[in-house]
Each structure stands twice: as C-alpha cells, then as structure tokens.
2 protein chains.
Amino acid sequence: MNNEHSTLSFMPYTYEFPRPSITVDCVVFGLDREHKLKILLIQRNLEPFKGEWALPGGFVRIDETLEAAALRELREETGIETVFLEQLYTFGKLDRDPRERVITVAYYALVNLWEYQIRAATDASDAAWFTVDALPSLAFDHDRIVQTALKRLQGKLRYEPIGFELLPEKFTLFQLQKLYETVLGQELDKRNFRKKILNMNLLIALDEFQQDVSHRAARLYQFDRLQYEQLKEKGFNFEI
Amino acid sequence: MNNEHSTLSFMPYTYEFPRPSITVDCVVFGLDREHKLKILLIQRNLEPFKGEWALPGGFVRIDETLEAAALRELREETGIETVFLEQLYTFGKLDRDPRERVITVAYYALVNLWEYQIRAATDASDAAWFTVDALPSLAFDHDRIVQTALKRLQGKLRYEPIGFELLPEKFTLFQLQKLYETVLGQELDKRNFRKKILNMNLLIALDEFQQDVSHRAARLYQFDRLQYEQLKEKGFNFEI
DNA sequence: TCAAAAGTGTTCCTGGTACACCCATGC
DNA sequence: GCATGGGTGTACCAGGAACACTTTTGA
C-alpha cells in the first residue's frame, strides 16, 4: 500500500500528482427484539487497528460506483444482501488513516433484524451487533461517522417514512411506536401516536394478528409504499 | 493527466491499484436585488467541455482537506473569501468525466450578493451569475449537482436559519419574505410571515431604516445568532 | 395624486397534547 | 389472578390560515 517498500512491478499505476485512496464505510442499523438500536461492527484482522472494532467497508474499485462498493463490502463482510442504503457524508481529514491519505464516503443502512439473523462475516474476522449507547472504541474516525449517522437517522425518521425499513414487513403499532421512542430517545403517548399514524392513511390494517404472545394479540399492519408515493406527489409531508 | 502519453519522470506517483481522481465542485447561491436566486458558473477554458459553463471546482490536493479545497477553488476562481459552505453529496458515477474516473465531492455555498459584487474569475475564464430557472446547459453531470443543491437548499431553509446568509447583515422583513418566496417557490402571507418570524425572537429590531427608497422606509433587522444558539440548546426548532 | 411598499389584528379552524380505563391472553 | 400489552375518545389550547385597510415617501 505504501510506495516505499514495493517495486514498480507491483505498482503499475502511475500518476502525475499524488492521489488519496477512496474507501466506503457503512453504518448498519438494526432494531433487536428488545427494541434496542444496534450497529453492526467488524473486528479488524489486519493492521492498522488490528483487533479493534470498525465499520464494515473497504476500498472502492476503479470500475464500480460508490454505492456498488458499499453494497459489495456489506455482502462480503456481513452477508447482507438487500437493504435500505443511503449516502451519509464524505470524511476527508488528512490524518484519519495513519498509513496514508484516505477519503471515505460513508453510507448508512437500515436492516430488518426481526425475521432473520444477519450472517457473521464470511472471512475469519468477526462481525457483531452492538447497542448504540454501549459501543466499543472504534478504529479510525469511525466514532465520528457513527455519531453523524445517528443524527441523520434521527432527523430522517421524523420527516420520512424510513422507520419501516427496520421492522418486518408486517408489524404492530406497538413495535412502530417503540422504534420511534428508541431512536428519537423520547416517550410518545400511545393514543396520540396511533391517531396520528393511522390518520396518514399510510398503513394497511391486515386481518392478521400476532401469534404466540402472552397477552392479547395485536393487529398487524403493513406500510403502503405506493400510497405514500402518490400522496407525496400531491404535496403530502410525512411527519411524526 | 492520462497515463498513456507521459513518461515516468512526469508521473512519479505509483500505486498498486488504480485510483480515481478526487475533485470538489461548488454550487454558489446568491440572491440579487430583484429577488432572483442565482448560481455562479465558470466558463471552462480547458478541455473537456471547453467553452461550456460549469461549477467552480477542481482537484483536491493531497495535503488539504475537502473543505479547504472547496474554499481554495472558490477563492481562485471567483474571488469569494468567506461564505457559508456545507458539504452536499459525493458523485461517483463511472463515466461522469470523459477522461477518466473522477469522484467529486460537491459543496454548496451561500453568499451575500447585496452589498458587493463578486469579482469575476482571476484567470482568463469568465465567471457569471445565472438565474436558477434559466441555466445554460452544464458540463459533466453538473446539472444533477445543481438540482441536488437546490433541493437541499429548499429543505434546509425551512428548518434552519440559513436564509440570512443570502442577505446583508441588516435587512428588511420584506427582503426576508421575498427570499423565502423565491427559494421555496410559493407566496407567503405578509402578516402571518411577520408574526411568525418576530415571535421567534431571533431578530433584533434596529433603530435604522432603509435609505433612498421611493416609498416608506422599512425598519432594518439583524439576525441574532447568539440567541439562536441558546434557544437551540434548549430544544427550540426553527421552522418557517 | 400616484405608485410602491410599510405596517398592523381578529376570527376561524385544525391539529397537537394531556389524560384513564377496560379487554384479551398466557402463565 | 396477575402481568403484559391491546385498544379506545374527549376536552383543551396553541398555532396556522385567511383576510383589508391606512400610512409614508418619492417621483
């Protein structure tokens, strides 16, 4: 990786001016069954920061887009296939990587942890979920990236219907409310929450109910994406 | 710039894997005296797209941050010194530059066009202001970048007090209202607008009035940044 | 005296907020 | 029968929206 200790035969790409490396990093959010917000981290098995926890990510190849790189790294390192993925911010401080100048384009992803367990990493390194308010210390400037992602998630959640990405296809209003309470960090009134979300006409009430719960089974709902797109066309603004 | 037609002596930087170039581009917004929203463009005097209009921008040096690169390019190409500058989005499509893979980190800036005229570019190429709804065709994917910046500006303007960056230090409520009407593209009720903005207690009413206007002179106001920071601490949310 | 913008209050209505009890189920 | 969440309505209040006229100034 460093020019100094390799011969030209392994360094076939030459440029008139020095160039930084470009990476992508992904902050993957998931919501567990106890309504805790979690982030997926990888234990590094290479220097620098070997053994420390870091965001999944890696170098952008010359023939792939940034988003393709993010999706590829997610697949390779965590087994995640299809997710909500959105660009977060590009971090370019000079010393954020001790080896050389590395600019990273950060993405954040929302995955549904309810129905299936994300596979651990496919290679030797470990992947694990951590509750956001009990994260280990992170490699590079990944703690700053995580904080930025958290703020973005909180902001977006209030003004766009992205919370559903963290829930299974069919969910209860209680789950949805807990999601908002967890991510926004404030309790919400049950009756007012239901009134507000149902009045939006974005949820399809199913004729299905929870199974195997030790209390009255709640009705299941589904998010009506099509309806949302149509309402948005007409100037409707989602807001919780 | 291309590997093919230069000797190694001019291409002293070698890497194991190919690397894209990194540039920054700036969408500079200004508001003219007729309450029109304008963008600052540069006429390119180099290939590719020679003679076409493009956003001010250029290559990121290995020893400068992204923001520093954006500020430097603004200074060099337009003479703009201190502005509101915020990262917008990073564009990484494979073919967005016909020469080679170039990833650009876009910024948007807000400048005050009222008190002084922005200098034209310092080199031979031309800089000029264009009304946003009458832009010429742009080089590269710069039209997409402009559209992204416009959406961001409209979104931010409603929820953060950044509109003041487009006005002089001392402004009238009428100017402020016209700003919102222009950027958001909708008319606002004069009485309701004044009530709302004054009730926020974010404006300092000065004992100064407009000069040399052919109608009753309006009172001048100033944005109270300190007060805004304090209110924000306490959970206050700006919203128009 | 005309043109252009400054400046000012009230009414109505919508939507947010606060709040408490009974129901169904499994253990 | 107890614990857990499911499910429901009303009263109050704040803030948004609609709306018209008089004042000031310079040309």
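Here is the naming used below: chain letters follow the sequence lines, and residue numbers restart at 1 for every chain.
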Answer yes or no: is there an ion pair linking [X] with [Y], defined by an N-O contact shorter than 4.0 Å?
X: Arg219(B); Y: Asp207(B); result: yes
X: Glu165(A); Y: Arg225(A); result: yes
X: Lys196(A); Y: Glu239(A); result: no

Can the ring centres of Tyr89(B) and Phe91(B) be said to be less than 6.0 Å apart? yes
Closest nucleotide among dG16(C), dG7(D), dT25(D) to the Arg216(B) side chain: dT25(D)
Of the nucleotides dC19(D), dG7(D), dT25(D), which has the atom closest to the Arg219(A) side chain? dG7(D)
d([atom1], [X]; [atom2], [N]) in whole Å:
X: Glu187(B); N: dC19(D); atom1: CD; atom2: P; result: 14 Å
X: Ile240(A); N: dT17(C); atom1: CD1; atom2: C1'; result: 15 Å
X: Asp189(B); N: dT10(C); atom1: CG; atom2: P; result: 16 Å
X: Phe171(B); N: dA6(C); atom1: CZ; atom2: C1'; result: 16 Å
X: Asn192(A); N: dC12(D); atom1: CG; atom2: P; result: 16 Å
X: Arg33(A); N: dG5(D); atom1: CZ; atom2: P; result: 16 Å
X: Phe174(A); N: dA3(D); atom1: CZ; atom2: C1'; result: 13 Å
X: Phe193(B); N: dG15(D); atom1: CZ; atom2: P; result: 18 Å

So, under a plain 3.5 Å distance rule, would you say the side chain of Lys190(A) forms a donor-acceptor pair with the base of dG6(D)? yes
Is there a donor N/O on one and an acceptor N/O on the other, under 3.5 Å, for the side chain of Lys195(B) and the base of dT8(C)? no
Looking at Arg194(B), does any N or O in its side chain come under 4.0 Å of the phosphate oxygens OP1/OP2 on dG7(C)? yes
If you pin Asp212(A) and Lys196(A) to their nearest nucleotides in DNA chain C, which one's is more 5'? Lys196(A)
In terms of the nearest nucleotide of DNA chain D, which residue is placed more toward the 5' end: Ser214(A) or Arg191(A)? Ser214(A)
What nucleic acid atoms does Asn199(B) come within less than 4.0 Å of, heavy atoms only: base, sugar-phosphate, or nothing? nothing
Would you call the rings of Phe236(A) and Tyr228(A) parallel, tilted or perpendicular, where under 30° means parallel and over 60° means perpendicular? perpendicular
